[in-house]
Amino acid sequence: MPPLKSMGRKSKFARHHQSALLSGLMAKLRWIVLVVLLAISGNSGAQTTRPSVAPPQTVRVAFWNIQWFPGRHPNASVASERSQIASVHRDMRWINADVIGMEEVRDFDNATIAISSLAGFKVDVVSDFPPREGQDVGQQVAIASRFPPLSAWVEMWKPNGALVPPRGFAFAAYEVAPRHVLLVYAVHLKSNRGEISEDIAIREESMQQLIGHIHEMNEAYGKLGSVSYIVGGDFNTAPDDSRFAGETTTRLLRDNGFSWCWENIPFAQRISLPADKLFPAACFDHIFLRNAKLNSARVIETSRRSSDHNAIFAEVRL
């Protein structure tokens with residue numbers, strides 16, 4: 001039995017020794033934890049005085065006049081419609097954008113067909129402008145995107161005396177980041193098929209009305225936070241084309257704080273309307289932006305089976 005008693009005393013001593021060691025270890029751990037917490041607290045305080053800045057929002061936009069889609073003519077055959085649809089679907093896959101403005105689509109259903117090869121895209125708004133004299137169908141403007149729109153609608157240009165601008169604009173608003181709204185306009189201004197002085201006056205009248213709408217939207221959406229603008233499409237004019245030297249259409253945008261996507265880009269690199277037997281090559285398709293910085297802009301050369309116009313693309317930082 002003594003050995004058992006002796007073992008009992010040894011076990012009691014060992015337990016006491018282990019308890020002392022454990023107490024010391026716990027004290028050290030508490031000290032380490034306290035130091036770590038103080039360090040974290042100090043770093044946390046430093047972070048609150050110097051917050052990290054979120055990276056700027058980048059948005060890719062494209063605009064394309066798709067020439068009487070589908071069919072490339074107002075009274076196209078079924079075969080012509082199918083041929084253009086197949087070609088447009090191939091070209092659309094090269095347009096890696098977040099927002100696409102389209103001109104000369106016929107209606108909502110056909111605008112949906114035009115973008116059906118793009119994953120995650122839907123049509124946000126399509127116009128329903130009446131046909132011009134001598135035509136059975138109208139040329140519509142549309143906006144499609146990957147973003148959920150806050151709102152979207154279209155408006156026709158209003159007559160001003162003898163000036164009766166055709167068509168109008170499509171408009172969509174997107175909250176692309178917290179308290180940052182992007183307003184997108186798609187336009188197709190008066191063509192140059194007619195008296196040049198009258199065509200210019202009609203385009204200038206359309207732009208005056210657009211500037212008025214922009215001011216109204218700045219008041220409305222400015223309550224939600226910062227507002228950026230993109231105006232794009234087929235303008236049928238250009239700020240550096242000698243044929244339109246006295247025209248103020250694009251100048252009105254620049255006078256209201258918009259920058260031009262083709263600034264300092266050589267003409268040969270921005271031909272959006274290749275030459276044909278009637279007209280010389282032109283840069284009639286543009287993107288103007290405000291409260292945004294242009295990262296890059298380029299023409300996307302699309303098939304002539306798709307359209308007489310090339311698509312245009314810009315990457316902008318808001």
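Every value quoted in this text rests on a predicted model; they were computed, and no experiment measured them.
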Ionic contact status for D124 with K122, cut-off 4.0 Å: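 Here K122 pairs with D124 in a salt bridge, since their nearest N and O are under 4.0 Å apart.
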Does a salt bridge link E263 with R254, judged by any charged N lying under 4.0 Å from a carboxylate O?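 Looking at R254 together with E263, the answer is yes, because their closest N to O distance falls below 4.0 Å.
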Can you tell me if [X] and [Y] form a side-chain donor-acceptor pair at under 3.5 Å?
| X | Y | result |
| --- | --- | --- |
| H180 | S228 | yes |
| N310 | R304 | yes |
| N295 | R60 | no |
| D91 | S303 | no |
| Q139 | R167 | yes |
| S80 | S83 | no |
| R72 | Q84 | no |
| T250 | H286 | no |
| E204 | T248 | yes |
| S145 | D98 | no |

For residues 194-201, tabulate all N or O donor-acceptor pairs below 3.5 Å that involve a side-chain atom, not counting sequence neighbours.
| from | atom 1 | to | atom 2 | distance (Å) |
| --- | --- | --- | --- | --- |
| D199 | OD1 | K190 | NZ | 2.8 |

Side-chain donor or acceptor of W260 paired with backbone N/O of P239 under 3.5 Å: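 Not confirmed, W260 side chain does not pair with P239 backbone.
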Does NZ or CZ of R203 lie under 6.0 Å from the centre of the six-membered ring of F244, at an angle within 45° of the ring axis?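 Yes, a cation-pi geometry holds between R203 and F244.
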Ring of F313, cation from R298 - is the NZ or CZ under 6.0 Å from the centre and inside 45° of the axis?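 Cation-pi check for R298 and F313: passes.
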If hydrophobic clusters are built by linking Ile, Leu, Val, Met, Phe, Trp and Tyr wherever their side-chain heavy atoms come under 4.5 Å apart, do F63 and I300 end up in the same one?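 No, because F63 and I300 fall into different hydrophobic clusters, even though each may have its own neighbours under 4.5 Å.
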Do the side chains of V176 and I287 join up, straight or via other hydrophobic residues, at under 4.5 Å, putting them in one cluster?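 The answer is yes; both residues are in one hydrophobic cluster.
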For R93, look at atom CZ and say whether over 12 heavy atoms of other residues, nucleotides or ligands are found less than 6.0 Å away.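 Buried by this count: over 12 neighbours within 6.0 Å.
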Partner of Y174 by ring-ring contact (aromatic ring centres under 6.0 Å, His included), out of Y229, F147, Y221: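 That would be F147.
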